[in-house]
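Here is the structure we will look at.
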Amino acid sequence: MQRYDIYQIEATKTDEGFIIDRPIIGRVGLLRYLNADGSERIEYRPPEEAFNADSLKSIRGKPITLGHKAMVNSKNADKLPIVGTVLSEGVQDGENIRADVSIYSLPTAARELSCGYSLDLDETPGTTPDGKRYDAVQRNIRYNHLAIVPKGRAGNARLNMDGDQIIESEAKKHMAKVRLDNGLEYEAAEEVKIELETLRADKAKNKANFDALQGKYDALEAKANKLEKDLADEKTNKNTNFDTAVKERVEMINIAKQHNLDKADNMSNKDIKIAVIKKVNGDSFNLDNKSDEYINGVFDICKEQNKNFNKNAGKVRQDINDNKINNQPKQNEDEWDYVAIAEKMRQDEARAYLGGKE
């Protein structure tokens with residue numbers, strides 16, 4: 001996290017016109033900031049953080065800039081208005097921090113100082129030793145630059161400069177234009193523009209990450225739905241296949257019984273079909289190397305032939321019971337013409353086999 005805090009300058013000039021001073025650049029205590037929604041957030045900088053040795057060392061050699069343009073580094077230093085240098089480490093002065101500075105020129109009406117630094121924000125609320133409430137604690141403060149600004153957070157003391165010095169106002173000079181998402185354009189401080197651009201870049205990056213995650217989620221959801229459907233279809237197919245297989249097996253057992261096949265329960269459906277074909281056509285009927293389709297076709301003919309035979313035999317039996325054999329009246333069993341009866345059954349079977357034709 002980055003911060004810009006404000007303090008006052010009281011300075012003198014060298015013969016060359018440089019400004020030399022040992023101003024306050026920081027302090028302990030409560031610092032007030034505005035949240036994005038306009039509400040106030042109070043951050044506490046305790047003495048152990050403000051006067052931490054590594055933190056105080058970090059200000060030495062850092063540039064002094066006109067306003068907060070950005071966090072300074074070797075890549076952007078030549079593009080920023082750098083007007084001086086912090087010469088020393090920070091030192092404690094009561095509740096304040098001071099450091100030696102040298103300002104080469106001051107082409108601005110601004111007279112206050114503002115530190116630019118990074119920190120870790122401990123967002124644990126609490127109260128100071130003297131009972132004042134805060135929302136968060138500043139920790140691990142590391143300084144990046146010292147800026148000269150028109151108005152500061154901690155006071156309004158000004159540089160002691162010659163009264164006849166003419167200084168161009170920076171109020172408009174360093175304002176940047178920012179365009180909002182609704183198309184409206186405003187003037188704002190450069191650091192506001194930089195922060196806005198950073199937030200927009202983060203938003204675009206987050207959206208890209210979200211879209212990537214959404215795509216993965218949609219793909220996984222589609223895959224899960226397909227698996228669920230496949231499992232349901234497989235279950236349905238299994239039930240259907242099982243019912244079909246049971247029905248077919250019962251039919252095969254019944255056909256085997258009709259042809260007086262022994263141990264049909266221990267035979268496969270294919271073995272039953274072959275046995276029925278042999279039963280109807282004789283053992284000489286060759287089925288070697290025949291395909292399943294061929295065997296099924298022959299079996300279907302044998303099965304239908306058996307149905308017609310049973311139907312015809314039933315009719316003959318009924319005729320016998322009804323005394324209708326050769327239109328002869330019922331005789332005693334000893335007087336039956338078995339030869340005629342057998343011939344009649346044979347003729348009826350042949351007729352049935354030929355489809356009812358004479």
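Keep in mind the model is a prediction, meaning the values are calculated, not measured. If you read the sequence from its start, that first residue is 1, and numbering goes on from there.
A donor-acceptor distance shorter than 3.5 angstrom exists from the side chain of T65 to the backbone of G67, with no hydrogens or angles considered. A donor-acceptor pair under 3.5 Å is formed between the side chain of K62 and the backbone N or O of Y143. Between the side chain of D135 and the backbone N or O of I42, at least one donor-acceptor pair lies under 3.5 Å. Without hydrogens or angle criteria, N76 side chain to M71 main chain gives a donor-acceptor distance under 3.5 Å. A donor-acceptor pair is defined here as one N or O able to donate and one able to accept, closer than 3.5 Å; no such pair exists between the side chain of R45 and the backbone of Q138. Within the 3.5 Å criterion, the main-chain N or O of G94 finds a donor-acceptor partner in the side chain of Q92. Between the side chain of R139 and the backbone N or O of E49, no donor-acceptor pair lies under 3.5 Å. Of the possible polar contacts, none joining the K57 side chain to the E89 backbone as a donor-acceptor pair under 3.5 Å is found.
The two residues D100 and S88 have their closest heavy-atom pair at N-OG, 2.9 Å. The minimum heavy-atom distance linking V83 with S105 is given by the pair CB-O, 3.5 Å. Among all heavy-atom pairs drawn from V86 and A99, the shortest one is CG1-CB, 4.0 Å. Heavy-atom minimum distance, H68 versus A147: CE1-CB, 3.4 Å. Across every non-hydrogen atom of P107 and L66, the tightest pair is CG-CD1, 3.9 Å. Nearest heavy atoms, F299 versus I277: N-CD1, 3.8 Å.
Looking only at side-chain heavy atoms (C-beta outward), V280 and H259 come within less than 4.5 Å of each other. A 4.5 Å side-chain heavy-atom check between I59 and Y117 finds every atom pair outside the cut-off. Side-chain atoms of L106 and T108, non-hydrogen and from C-beta on, do get closer than 4.5 Å to each other. Within the 4.5 Å cutoff, the side chain of I148 has heavy atoms near those of the I64 side chain. At least one side-chain heavy atom of I274 sits less than 4.5 Å from a side-chain heavy atom of K270. In this structure, the side chains of M252 and D271 stay at 4.5 Å or more apart for every pair of heavy atoms. Using a 4.5 Å heavy-atom threshold, the side chains of I97 and L56 count as touching. Residues L287 and Y294 form a side-chain contact, since some pair of their non-hydrogen atoms from C-beta on lies under 4.5 Å apart.
Between K278 atom NZ and D283 atom CG the span is 6.0 Å, to the nearest 0.5 Å. Rounded to the nearest 0.5 angstrom, I24 CD1 and C115 SG are separated by 11.0 Å. For the atom pair D262 CG and K257 NZ, the distance stands at 12.5 Å (nearest 0.5 Å). To the nearest 0.5 Å, atoms CZ (R249) and CD (E251) are separated by 12.0 Å. Rounded to the nearest 0.5 angstrom, L87 CG and R22 CZ are separated by 10.5 Å. Rounding to the nearest 0.5 angstrom, the gap separating the CG atom in L30 from the CZ atom in R133 is 9.0 Å.
Using a 4.5 Å cut-off between side-chain heavy atoms of Ile, Leu, Val, Met, Phe, Trp and Tyr, with links allowed through other members, V137 and L121 fall into different hydrophobic clusters. Placement of I19 and I82 in two distinct hydrophobic clusters is found when ILVMFWY residues are connected by side-chain heavy-atom separations under 4.5 Å, directly or transitively. Each of V72 and V149 belongs to its own hydrophobic cluster when Ile, Leu, Val, Met, Phe, Trp and Tyr are linked at side-chain heavy-atom distances under 4.5 angstrom. Both L119 and I25 are members of a single hydrophobic cluster when ILVMFWY side chains are connected at heavy-atom separations under 4.5 Å. Residues I295 and M267 share a single hydrophobic cluster, defined by chaining ILVMFWY side chains whose heavy atoms lie under 4.5 Å apart.
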Self-check item: Residue pair K247, D243: steps toward the salt bridge (charged side-chain N to carboxylate O under 4.0 Å, His left out) verdict
Solution: CA-CA 6 Å; K247 183 178 179 181; D243 293 342; over 6 Å; no
Item to check | Pair I141-N52, side chain to side chain contact (heavy atoms under 4.5 Å, CB included): steps then yes or no | outcome: CA-CA 8 Å; I141 300 164; N52 175 271; over 6 Å; no
Before you tell me yes or no, could you show the steps for V298 and K273 under side chain to side chain contact (heavy atoms under 4.5 Å, CB included), namely the whole-Å CA-CA distance, both residues' side-chain angles and the distance that decides it to 0.1 Å? CA-CA 9 Å; V298 177; K273 291 177 181 179; over 6 Å; no
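In this pair, Y104 and F18 present their aromatic rings perpendicular. The plane angle is above 60°, beyond the 30 to 60° band.
Within 6.0 Å of atom CG in D130, more than 12 heavy atoms from other residues, nucleotides or ligands are found, so the atom counts as buried in its surroundings. No more than 12 heavy-atom neighbours from other residues, nucleotides or ligands sit within 6.0 angstrom of CD on E228.
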Can you give the donor-acceptor pairs under 3.5 Å from side chains of residues 206-215 to other protein atoms, not counting sequence neighbours?
unit_1 : atom_1 : unit_2 : atom_2 : d
N206   : ND2    : D202   : O      : 3.2
K207   : NZ     : D211   : OD2    : 3.0
N209   : ND2    : K205   : O      : 3.4
Q214   : NE2    : D218   : OD1    : 3.0

